[in-house]
Engineer: 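First, the structure itself, so that you have it in front of you.
Chain letters run A, B, ... following the sequence lines, proteins first, then strands; residues in each count from 1.
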Amino acid sequence: MSQIKKVRGFQDIYGENAKKYRFVVETARRIFENYNFNEIILPYVEDVSLFVRSVGEETDIVQKEMYVFEDRGGRKVALRPEGTASAVRAYIEEGLYAKGGYQKLFYEGAMFRYERPQAGRYRQFHQIGAEIFGANSPLSDAELIKMVKDILDQLGIQTRLEVNTLGDFESRKKYIEVLRNFLKERKDLLCEDCKKRLERNPLRVLDCKVEKCIEATKDAPVLIDYISDQSLQRFEKLKEYMKSLGISFIFNPRLVRGLDYYTDTVFEFITDKIGAQGTVAAGGRYDTLVKQLGGPDTPALGFAAGIERLMLLVEKLPEEKDLVVVVPVVSEFNIEGLKIADRLRKKGIKTELVLKEGSLKSKMKLANKMGGRFVVFVSENPELKDMETGEQERFENAEDLIDVLTEKVLKP
RNA sequence: GAGGGUGUAGCUCAGCUGGCAGAGCACAAGGUUGUGGCCCUUGGGGUCGCGGGUUCAAGUCCCGUCACCCUCCCCA
């Protein structure tokens, strides 16, 4: 019988990694709630056309990375490759726009993209993300960025922040034409990939890392010269707000994102500590998407962060509660052991009752291996041992021992 | 989709030009008949990723295939 293995690009997250995963998610949740965001739990499967229409027909995600299949009812569906499209769909479908004011939503969970696995990149990966619908002031851009920064800070992760503005939809279209014409004249100087990008997505050429492309585009027209005054003003305000919050950032006029729906503000939090997949969190504004998907004209913005990439950067996990190991000295005391463990757990103490029979020595080895801070020996006169100091104290009865132990473990 | 590297014990790896599958760590038992960590002794574990070929003989050579790692592309 051949061993069944996990499918390429999928992973088991366990042990230390599972702790990191939880640390990342719980930290983010705490901050989302601080900013008064509400959770939305979105489906993992959506109609294919949702992603075609939002992420963009010509994008790599849609062209070659989506898990697409027909369900038993003949519906063409996809495992979601990202979260924003679903959030927008729900915003429209559930009528959240009718609640008035603006909506602030966050989500967490798996995304699926059929890509070649690599460091910090999997076919099933996990994101946390948040979206703001109906807020159009640059205040919202600033708050969103600040919130992402708060999360990264709380996780102890150092990054650099790059920001750019793509302008509104119209001025961007105008610029793309100008840029395409510029690039066509220099087509021969570009790398093979960029020759293809020229037609599909000329903005990406500016993002190319190949030396000769950087050289060839040195004097390329700059997007910011083509965008509307309104967009420029928004960007100036945003920069001002970020400065007042003490957020340091780099203006990168060539920053482009791979999803079609972005307008105006885009940003990326980047690290160079984890190899090529350095973008750890990214997002931006998408003022036309809600309308484009059939909803009311609604300004919106959001971000997503890759949990696995954040995990690679998490160095220190928060301290865990002390573990108490309950050891019946001989099996005659098993029942007493069950009771004591029960009472400790009711007090909120992390307790392990040794689940193996055998010599006391083997049970102690287990207690040590599990990282027990205290051991309770269950016998006529229960004893409490501090595994760090080796000190051991004997008690008349279990009550007294539990009182003393509670004092030691639950001290603030 | 393109390029490079690696698959041998649970883990990290050694195994020269083909000649009986190894080490360290981990695990289990014992040295202490009711007390962990250190030390010592003993022990259990492997279709050498999978399939085919060459050969008297393949972990080792050849072909294919799968997976993982890294880079490009793209993205979180």
Side-chain angles (χ1 to χ4, degrees), chain A residues 1-11 15 24 55-56 58-66 81-84 108-129 148 159 191-194 196-197 200-201 204 207-210 256-259 267-271 274-283 302-313 325 327-333 354 356 358-381 383-392:
Chain A
M1 196 163 48
S2 64
Q3 176 66 44
I4 297 171
K5 292 185 180 158
K6 56 185 176 287
V7 174
R8 180 162 160 81
F10 291 71
Q11 50 168 351
V24 169
V55 174
E58 294 302 319
T59 59
D60 282 6
I61 292 178
V62 168
Q63 286 285 314
K64 47 186 201 190
E65 295 175 3
M66 270 207 292
E82 61 112 43
T84 298
E108 172 248 319
M111 308 291 163
F112 303 85
R113 291 183 200 172
Y114 193 87
E115 294 180 273
R116 191 119 179 205
Q118 209 176 304
R121 192 169 73 187
Y122 305 94
R123 289 181 176 178
Q124 178 185 327
F125 61 105
H126 301 81
Q127 289 188 333
I128 47 176
V148 179
T159 54
C191 70
E192 284 311 307
D193 287 321
C194 281
K196 283 180 228 153
R197 289 189 188 114
R200 264 181 36 205
N201 191 351
R204 283 240 147 252
D207 215 21
C208 185
K209 283 118 201 154
V210 176
V256 182
R257 316 242 43 254
L259 290 75
F267 61 89
E268 289 191 14
F269 286 87
I270 304 167
T271 175
I274 54 173
Q277 313 303 321
T279 299
V280 134
F303 89 99
I307 296 177
E308 283 83 357
R309 291 184 191 175
L310 294 174
M311 283 163 61
L312 290 172
L313 293 163
V325 183
V327 177
V329 166
V330 287
S331 54
E332 282 69 44
F333 295 103
V354 169
K356 274 173 68 175
S359 67
L360 185 54
K361 181 186 173 118
S362 66
K363 292 176 185 171
M364 283 303 287
K365 280 192 171 183
L366 261 179
N368 187 59
K369 191 176 350 204
M370 292 185 294
R373 178 63 219 282
F374 296 99
V375 165
V376 175
F377 292 106
V378 185
S379 66
E380 296 90 347
N381 295 109
E383 292 178 59
L384 176 61
K385 177 166 189 162
D386 184 326
M387 294 292 272
E388 264 173 36
T389 62
E391 284 168 25
Q392 193 163 328

Engineer: Going by the rule salt bridge (Lys or Arg N to Asp or Glu O under 4.0 Å), which residues pair with A:Glu308 if we only count those two or more places apart in sequence or in a different chain?
Structural biologist: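 By the salt bridge (Lys or Arg N to Asp or Glu O under 4.0 Å) rule, A:Glu308 matches no residue at all.
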Engineer: Could you tell me how far apart A:Glu58 (CD) and B:C73 (C1') are, to the nearest whole angstrom?
Structural biologist: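 One finds 16 Å between C1' of B:C73 and CD of A:Glu58, rounded.
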Engineer: Restricting to salt bridge (Lys or Arg N to Asp or Glu O under 4.0 Å), what partner residues turn up for A:Glu388, sequence neighbours left out?
Structural biologist: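 Applying salt bridge (Lys or Arg N to Asp or Glu O under 4.0 Å) to A:Glu388 gives A:Arg373.
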Engineer: C1' atom, B:G10 versus B:G44: distance in rounded Å?
Structural biologist: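 The answer is 13 Å between these two C1' atoms.
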Engineer: For nucleotides 26-38 of chain B, just jot down a letter per nucleotide in 5' to 3' order: B, S or -, based on protein non-hydrogen atoms under 4.0 Å.
Structural biologist: -SS--B--BBBB-
Engineer: Tell me, please, which residues at least two apart from A:Thr159 pass side chain to side chain donor-acceptor pair (under 3.5 Å).
Structural biologist: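 Expected list: none.
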Engineer: With sequence neighbours left out, what residues match A:Tyr114 under ring-ring contact (aromatic ring centres under 6.0 Å, His included)?
Structural biologist: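 Scan of A:Tyr114 (ring-ring contact (aromatic ring centres under 6.0 Å, His included), adjacent residues dropped) gives A:Tyr67.
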Engineer: For A:Ser362, what residues pass the side chain to side chain donor-acceptor pair (under 3.5 Å) criterion, not counting sequence neighbours?
Structural biologist: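 Here the qualifying residues are A:Ser359.
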Engineer: By salt bridge (Lys or Arg N to Asp or Glu O under 4.0 Å), which residues pair with A:Glu115, not counting sequence neighbours?
Structural biologist: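 Salt bridge (Lys or Arg N to Asp or Glu O under 4.0 Å) list for A:Glu115, sorted by chain: A:Arg121.
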Engineer: Apply side chain to side chain donor-acceptor pair (under 3.5 Å) to A:Gln392 and list each qualifying residue two or more places apart in sequence or on a separate chain.
Structural biologist: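 Side chain to side chain donor-acceptor pair (under 3.5 Å) check on A:Gln392 returns A:Glu383.
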Engineer: In dot-bracket, 5' to 3', how would RNA chain B read with Watson-Crick or G-U wobble pairs under 3.5 Å, [ ] for crossing ones and | for pairs to another strand?
Structural biologist: (((((((..((((.....[..)))).(((((.......))))).....(((((..]....))))))))))))....
Engineer: Between the protein and nucleotides 1-11 of chain B, are there any N/O to N/O pairs under 3.5 Å, and if so, what are the atom names and distances?
Structural biologist:
none

Engineer: A:Lys64: what forms a side-chain contact (heavy atoms from CB on, under 4.5 Å) with it, not counting sequence neighbours?
Structural biologist: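 With neighbours one apart ignored, the set is A:Asp60.
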Engineer: Using a cut-off of less than 4.0 Å, is there contact between a side-chain N or O of A:Gln118 and OP1 or OP2 of B:U71?
Structural biologist: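 It does, given that an N or O in the side chain of A:Gln118 lies less than 4.0 Å from OP1 or OP2 of B:U71.
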Engineer: Select from A:Phe10 and A:Phe269 the residue whose nearest nucleotide in RNA chain B is closer to the 5' end of that strand.
Structural biologist: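 So the residue in question is A:Phe10.
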Engineer: List in chain and number order the residues that pass salt bridge (Lys or Arg N to Asp or Glu O under 4.0 Å) with A:Glu108, two or more places apart in sequence or in another chain; answer none if no residue qualifies.
Structural biologist: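 Testing A:Glu108 for salt bridge (Lys or Arg N to Asp or Glu O under 4.0 Å), a comparison that skips the adjacent residues, returns A:Arg29.
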Engineer: Without decimals, in angstroms, what is the distance between A:Tyr122 OH and B:C68 P?
Structural biologist: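 Result: 10 Å.
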Engineer: C1' atom, B:U71 versus B:U54: distance in rounded Å?
Structural biologist: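 That atom pair is separated by 35 Å.
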